[in-house]
Number of protein chains: 2
Amino acid sequence: MAMPDREILSLESFLPYRLNRLADAVSRSFSDIYRQRHGLTRPEWRTLATLGQYGTMTATEVGAHSSMHKTKVSRAVAALERRRWLKRRADGQDRRVEHLELTPAGQRVYEELVPLAKTFEADLLGKLDMRKREAVLKGLAALEEAVLTK
Amino acid sequence: MAMPDREILSLESFLPYRLNRLADAVSRSFSDIYRQRHGLTRPEWRTLATLGQYGTMTATEVGAHSSMHKTKVSRAVAALERRRWLKRRADGQDRRVEHLELTPAGQRVYEELVPLAKTFEADLLGKLDMRKREAVLKGLAALEEAVLTK
DNA sequence: TTTCAATGGTTACAGATGAAACCAGTTTGG
DNA sequence: CCAAACTGGTTTCATCTGTAACCATTGAAA
């Protein structure tokens, strides 16, 4: 059985490359929204979004939940705090822990961004017919299960 | 018609976030392979992979093809050149242009990595049943069409 | 208790990144 | 011809990133 004398890889159809390129393009165009609007970075947006969704959380929880490295979270929290969009509350039991939550000003920013995010996503999925949309959601879920939970 | 008084966004089901997290995880685990094995960075791997696939190309073409910023390509090319895995040839007509190609040593590295890449992808897709795999491929293709070509 | 490992969070450092300025060299339009 | 606009590619600079070291606190073990 002969080996092919020069195996090549088609980068355009290689899964890691495709995922990256897609994530990059989508992320970039969505980030224009919160960046231009409020000068938020991506880690800041994620932190804001996580706290907006869950209310109060510790930095560690925010990181776990939004898949961010703890130094990213730390810096994002500091930045949001400087703008007074977030405040920290000490924990009664454990003085290492800080409970984070959005201030009313932070809430307002969050509430302004949520509909924009939803519209962005709807526009994107709106370009696909029903079958394709289902494939996207099913495919993502399948990959998440295979890749992330283990 | 009443507005909901506080709209929230579920980050875990938000498309840009999901794509990013997935791309990040997949990319990170694949990059372990070429990083540990040959100390390549991601832009270097992509450049190598593009030249391995297409033979000779200019830096601009590599960038267009692998979706990389031109400064990334420039630096990756310089790094690969330092290791003598790539060489530049001047263009006869246009002295701004450089034609890039892998040296035999670069070819060898590429040929060692290709099967690893294929195995990596096969392992990943192998965790999915046929239906899911089809959904992944169809979903990716649909998103690519909606997002990238326009 | 005292000690030692673990945990929440920040910081220092070294690399990687993109925007914009840059330097050839090339084309276009007067 | 010559100037201006453009193009391929590199470099500078300011910012962002992850690793690892760090500080403070807590919990468990002895």
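Residue numbers start from 1 in every chain, and the chains themselves are labelled A, B, ... in the order their sequence lines are given, proteins ahead of strands.
- One N or O on the side chain of B:S31 and one on the backbone of B:R28 form a donor-acceptor pair closer than 3.5 Å.
- Judged purely by atom type and a 3.5 angstrom limit, A:K132 has no side-chain atom pairing as donor or acceptor with the backbone of A:L125.
- In summary, the side chains of B:S74 and B:T71 do not present any donor paired with an acceptor at a separation below 3.5 Å, with no hydrogens or angles considered.
- Boundaries of the chain A contact region on DNA chain D are D:dC16 to D:dT26, first to last in 5' to 3' order (nucleotide atom under 4.0 Å from a heavy atom).
- Annotation: side chain to side chain donor-acceptor pair (under 3.5 Å) contacts of A:R96 (sequence neighbours excluded): A:D94.
- Of all the residues in residues 32-57 of chain A, A:T41, A:P43 reach under 4.0 Å from DNA chain D with at least one non-hydrogen atom.
- Look at A:R88 and you won't find any side-chain N or O under 4.0 angstrom from OP1 or OP2 of C:dG8.
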Quick one: do A:F30 and B:Y17 satisfy ring pair (Phe, Tyr, Trp, His ring centres under 6.0 Å)? Show the steps, please.
CA-CA 10 Å; A:F30 178 57; B:Y17 171 67; over 10 Å; no
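- Within the structure, side-chain hydrogen bond (donor to acceptor under 3.5 Å, both in side chains) contacts touching residues 44-56 of chain B (residues at least two apart or in different chains) are A:E12-B:Q53, A:E12-B:Y54, B:T41-B:E44, B:Y54-B:H65, B:T56-B:E101.
- The side chain to side chain contact (heavy atoms under 4.5 Å, CB included) check on A:T119 picks up A:D123, with sequence neighbours excluded.
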B/S/- contact track for nucleotides 18-27 of chain C, protein heavy atom under 4.0 Å:
BBB---BBS-
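- For the OP1/OP2 pair of C:dG9 and a distance below 4.0 Å, the side-chain nitrogens and oxygens of A:T60 include at least one atom meeting the criterion.
- Atom CG of B:L15 is separated from atom CD of A:E121 by 5.5 Å, given to the nearest 0.5 angstrom.
- Separation of atoms CG (A:L143) and CZ (B:R18) is listed at 10.0 Å; rounding is to 0.5 Å.
- Remark: the backbone N or O of A:V109 is not paired with any side-chain donor or acceptor of A:E112 at under 3.5 angstrom.
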